[in-house]
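Down below is the structure, laid out as structure tokens.
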2 protein chains.
Amino acid sequence: MNPAKASGCGKVVVVSKRNPDQTRARILQAAFEEMRRNGFRAASVDQILADTGLTKGALYHHFPNKAALGHAVVDELIGASICHAWIEPLQSTKDPIAGLLQLLESIPPEKLAAVAQTGCPLNNLALEMSPVDDDFRQRIEAVFRAWREGVAERLRAGQEAGYVAADVDCEQAATFFVASIEGAMGLAKNARDSSVLLACVCGIRRYLESLRPAA
Amino acid sequence: MNPAKASGCGKVVVVSKRNPDQTRARILQAAFEEMRRNGFRAASVDQILADTGLTKGALYHHFPNKAALGHAVVDELIGASICHAWIEPLQSTKDPIAGLLQLLESIPPEKLAAVAQTGCPLNNLALEMSPVDDDFRQRIEAVFRAWREGVAERLRAGQEAGYVAADVDCEQAATFFVASIEGAMGLAKNARDSSVLLACVCGIRRYLESLRPAA
DNA sequence: CCGGGTTCATACTGCTCAGTATGCGAACCG
DNA sequence: CGGTTCGCATACTGAGCAGTATGAACCCGG
């Protein structure tokens, strides 16, 4: 019997036997974790396969080479993750400054501790790959650009609604916001100390509140 | 004849024949440049030697292994560079906020363009090596700590002199300052765009000026 | 001027890694 | 039910890598 049919529903989830989509997803996920540990160039294809229990035949069936695998990790996992964590939650807020602060200050301590260990996967890859692989660089840049523009757009909306001072350059402010967050994650990662993140959240709060209209 | 004696001055500079200190310095410099291009792990010992015209015998005479070479680059070149660029110039200033801004805004455009290509070597190494080599991590952390403490100390002095508001946590502010700069360099490197740096300088200016005492 | 430590060059080793060639069973299609 | 394509496993190759073994030229103290 076909186990896929046996599940008998529209969204079929199969563990056993042939399931190329799931196989591809497993490779992607394991590649993401290996890249988070070791970066892209030091990421071992053999290690990724050992983690998944698959073999080279599977990997090179789904991806032409290691670079394409890395590109897919950026596009499909990291890009989606950034969008989910930093852009989508802002869509519902009227006051962008309050929204951004809420985003930062509602991060649970265990998540802060995790970030202090790994840093931001996007920035890690950016600093490693941008000088040596322009294809990587452009895909990472697309994610950064979406992030910056997502924040800038909300700031502009908040500006028209009177939550942000009229003389603020919203693209500039969004760029600085993103840069500060990435810088904070990098410092915290090297220090292995989540209190660095708390210090930077205080700094960002002070900066964001300086964007308010003069009372 | 000994070419060292032939130069006939106190500060002897010799190109030819035996000069172990200069040989070591050449290796260090070439290693620094190779690490700036490729990071540490992808830095090729053979490439470093090709750049210097030396061979493995020379390198492994001066350094026990590749890791020790990397450590020396951090301690002797990068650490000194950070100190020279970001800590020493502050020592003479009374007003730390003005001093820090002066430091940022007096960077010539060609230097900004260069930074937008390479990023900050310290942060590049930090993100690459901190998860995989604790010795590297601690040496990098020492540099970051000196930087943060150097800035914090000046902020405290400025606080006592009335240039900085009394309620400012100077360590926190220094941490955020360093994080913002590193974040800005990283974003600019990936975007290959020095205007990102200008945007972040504006952000840092706004932040620093928010540290002033209420008029 | 002459041993001995210093400073480097040359040639080699073993390992890790991305990528390939090939084959085989399962699924799908007529 | 036969054939063809898909999905993946196995075994291998060649290149690049850090590190080593060895030796030779140099410099200095005696």
Side-chain angles (χ1 to χ4, degrees), chain A residues 1-7 12 14-28 30-31 34-35 37-73 128-129 132-133 135-136, chain B residues 1-7 12 14-28 30-31 34-35 37-73 128-129 132-133 135-136:
Chain A
M1 186 186 340
N2 185 337
K5 282 183 181 175
S7 71
V12 178
V14 187
V15 175
S16 62
K17 293 300 174 185
R18 297 260 172 125
N19 193 331
D21 289 348
Q22 178 186 281
T23 298
R24 201 188 110 101
R26 281 170 60 200
I27 294 173
L28 266 183
E34 172 72 1
M35 286 164 66
R37 286 190 297 264
N38 285 57
F40 175 73
R41 285 188 290 181
S44 163
V45 165
D46 289 335
Q47 184 59 50
I48 292 170
L49 296 173
D51 291 346
T52 58
L54 296 167
T55 60
K56 295 208 166 177
L59 194 154
Y60 285 97
H61 174 74
H62 287 282
F63 303 95
N65 49 43
K66 187 186 171 187
L69 173 59
H71 296 160
V73 167
E128 177 191 2
M129 298 306 294
V132 291
D133 185 319
D135 207 341
F136 247 111
Chain B
M1 185 185 346
N2 185 336
K5 284 184 180 175
S7 70
V12 178
V14 187
V15 176
S16 62
K17 295 299 176 187
R18 295 263 174 125
N19 193 332
D21 290 348
Q22 179 187 279
T23 298
R24 201 188 110 100
R26 281 169 60 200
I27 294 173
L28 266 184
E34 172 73 0
M35 286 165 64
R37 286 190 297 264
N38 285 52
F40 174 73
R41 284 187 290 181
S44 164
V45 165
D46 288 335
Q47 183 59 48
I48 292 170
L49 296 172
D51 291 346
T52 58
L54 297 166
T55 60
K56 296 209 165 175
L59 194 153
Y60 285 96
H61 173 73
H62 288 282
F63 303 94
N65 49 42
K66 187 187 170 187
L69 173 58
H71 297 160
V73 167
E128 178 191 1
M129 298 306 294
V132 291
D133 185 320
D135 206 341
F136 247 110

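First the proteins, then the strands, lettered A, B, ... as listed; each starts at 1. Keep in mind that what you see is a predicted model, and the values were worked out from it rather than measured.
- Residue A:K66 contributes atom NZ, which lies 12 Å from atom C1' of C:dG19 at whole-angstrom precision.
- One donor-acceptor pair, N or O on each side, does fall under 3.5 Å between the base of C:dA18 and the side chain of A:K56.
- Across all strands, B:L59 comes closer than 4.0 Å to no nucleic acid atom at all (heavy-atom distances).
- Between B:K56 and B:D46, at least one side-chain nitrogen of the basic residue sits less than 4.0 Å from a carboxylate oxygen of the acidic one, meeting the salt-bridge criterion.
- A salt bridge is absent between B:D21 and B:R26: the closest approach of a Lys/Arg side-chain nitrogen to an acidic carboxylate oxygen does not fall below 4.0 angstrom.
- Taking atom CG of residue B:N19 and atom C1' of nucleotide D:dC26, one finds them 13 Å apart after rounding to whole Å.
- The shortest distance between the side-chain N/O atoms of B:H62 and the OP1/OP2 oxygens of C:dC8 is below 4.0 Å.
- A heavy-atom distance below 4.5 Å is found between the side chains of A:E128 and A:R41.
- Looking at which nucleotide of DNA chain C each of A:G57 and A:A42 is closest to, the 5′-most match is held by A:A42.
- Among the heavy atoms of the strands lying under 4.0 Å from B:A43 are primed sugar atoms or P, OP1, OP2 only; no base atom is included.
- In this entry the distance linking OH of B:Y60 with P of C:dA11 reads 18 Å, nearest Å.
- In this structure, the CG atom of B:L49 is 13 Å from the C1' atom of C:dT10, given to the nearest Å.
- Atom CG of A:D46 is separated from atom P of D:dC12 by 15 Å (rounded to the nearest Å).
- Atom CD1 in A:I48 sits roughly 11 Å away from atom P in C:dC17 (whole-Å rounding).
- Of the listed nucleotides (C:dA9, D:dG19, D:dA18), D:dG19 has the atom at the smallest distance from the side chain of B:N65.
- To the nearest angstrom, P of D:dA18 lies 14 Å from CD1 of B:I27.
- No cation-pi contact links B:K66 to B:Y60, judged by a cut-off of 6.0 Å to the six-membered ring centre and 45° from its axis.
- Which of D:dC8, C:dA18, C:dC8 sits closest to the side chain of A:S44 comes down to C:dA18.
- Atom CD in B:Q47 sits roughly 12 Å away from atom P in D:dG16 (whole-Å rounding).
- Listed pair A:T23 / D:dG7 fails the phosphate criterion, with no side-chain N or O lying under 4.0 Å from OP1 or OP2.
- In this model, the phosphate group of C:dC8 is not approached by any side-chain N or O of B:H61 to a distance below 4.0 Å at OP1 or OP2.
- Once rounded to the nearest 0.5 Å, the distance linking OG of A:S44 with CE of A:M35 reads 13.0 Å.
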